[in-house]
Amino acid sequence: MIWEAYKKVRSNHGSAGVDQISMEEFDANRSKYLYILWNRMASGSYYPPPLKEVEIPKKDGKIRKLGIPTIGDRVAQMAVKDYLEPRFEKIFSPHSYGYRPRRNAHQALESVRSNCKKTDWVIDLDIK
């Protein structure tokens, strides 16, 4: 799983995180980094490192802060995503759109428009 996740992260050509380890450096010591990551995840002792904070200008002239994870953490996140996503996709409501693969806000709005023509009530729930 770690190897497959690494290949996906590698194909995205991301930049270094707070540890300043570039993809080229990660590749040069790939076996070491992936083994450490696998070992920590398998033993339950993995904790993500801090994010590198980068400021990005927005269209309106304001600044938005963006957190960039380390390459190792991106591999860990991808491995977890690849494991959990197919299992949870089976049980999600077809009316749920947030953070779902192949679903977006435009589809959610279209669904709302369509449903408004059928009923005149809405249920909004937050789980705490």
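Side chains are part of it too, since the values below use all heavy atoms of this structure and drop only hydrogens, waters and symmetry mates. Counting begins at 1 with the first residue of the sequence.
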Side chains of Tyr47 and Asp73: donor-acceptor distance under 3.5 Å anywhere?
-> no
Say you draw a straight line from [atom1] of [X] to [atom2] of [Y]; how long is it, rounded to the nearest 0.5 Å?
X: Ser15; Y: His13; atom1: OG; atom2: NE2; value: 12.5 Å
X: Leu34; Y: Ile2; atom1: CG; atom2: CD1; value: 7.5 Å
X: Ser11; Y: Lys7; atom1: OG; atom2: NZ; value: 10.5 Å

Using the rule that Ile, Leu, Val, Met, Phe, Trp and Tyr join whenever any side-chain heavy atoms are under 4.5 Å apart, tell me whether [X] and [Y] fall into a single cluster.
X: Tyr46; Y: Ile36; result: no
X: Tyr99; Y: Phe88; result: no
X: Trp3; Y: Val9; result: yes
X: Tyr97; Y: Ile127; result: no

Which heavy atom in Lys81 sits nearest to a heavy atom in Pro86, and how many Å separate them?
->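 Scanning both residues completely, I find the closest heavy atoms to be O-CD, 4.1 Å.
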Heavy-atom pair of closest approach, residues Ile71 and Ser22 =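 Residues Ile71 and Ser22, closest heavy atoms: CD1-C, 3.5 Å.
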Donor-acceptor under 3.5 Å ([X] side chain, [Y] main chain):
X: Arg87; Y: Tyr83; answer: yes
X: Ser96; Y: Ser93; answer: no
X: Arg64; Y: Glu55; answer: no
X: Arg74; Y: Pro69; answer: yes
X: Arg113; Y: Ala108; answer: no
X: Asn115; Y: Ser111; answer: yes
X: Gln107; Y: Asn104; answer: yes

Determine, for Lys52 against Asp19, whether the closest basic-nitrogen to carboxylate-oxygen distance falls under 4.0 angstrom.
->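 The answer is no: the pair does not qualify as a salt bridge.
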Does any non-hydrogen side-chain atom of [Y] lie less than 4.5 Å from one of [X]?
X: Glu4; Y: Met1; result: no
X: Asp82; Y: Lys8; result: yes
X: Leu51; Y: Ile68; result: no
X: Tyr33; Y: Ile21; result: yes
X: Val18; Y: Thr70; result: yes
X: Lys62; Y: Lys59; result: no

Apply side chain to side chain contact (heavy atoms under 4.5 Å, CB included) to Lys58 and Ile63, showing your working.
-> CA-CA 6 Å; Lys58 292 170 63 174; Ile63 300 283; over 6 Å; no
Non-neighbouring partners of Val112 that pass side-chain contact (heavy atoms from CB on, under 4.5 Å), sequence neighbours left out =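 Residues passing side-chain contact (heavy atoms from CB on, under 4.5 Å) with Val112: Cys116.
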Kindly indicate, with the supporting measurements, whether the criterion side chain to side chain contact (heavy atoms under 4.5 Å, CB included) is fulfilled by Val75 and Arg10.
-> CA-CA 9 Å; Val75 173; Arg10 177 77 177 98; over 6 Å; no
Determine whether more than 12 heavy atoms belonging to other residues, nucleotides or ligands lie under 6.0 Å from atom CZ of Arg100.
->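 Result for CZ/Arg100: enclosed.
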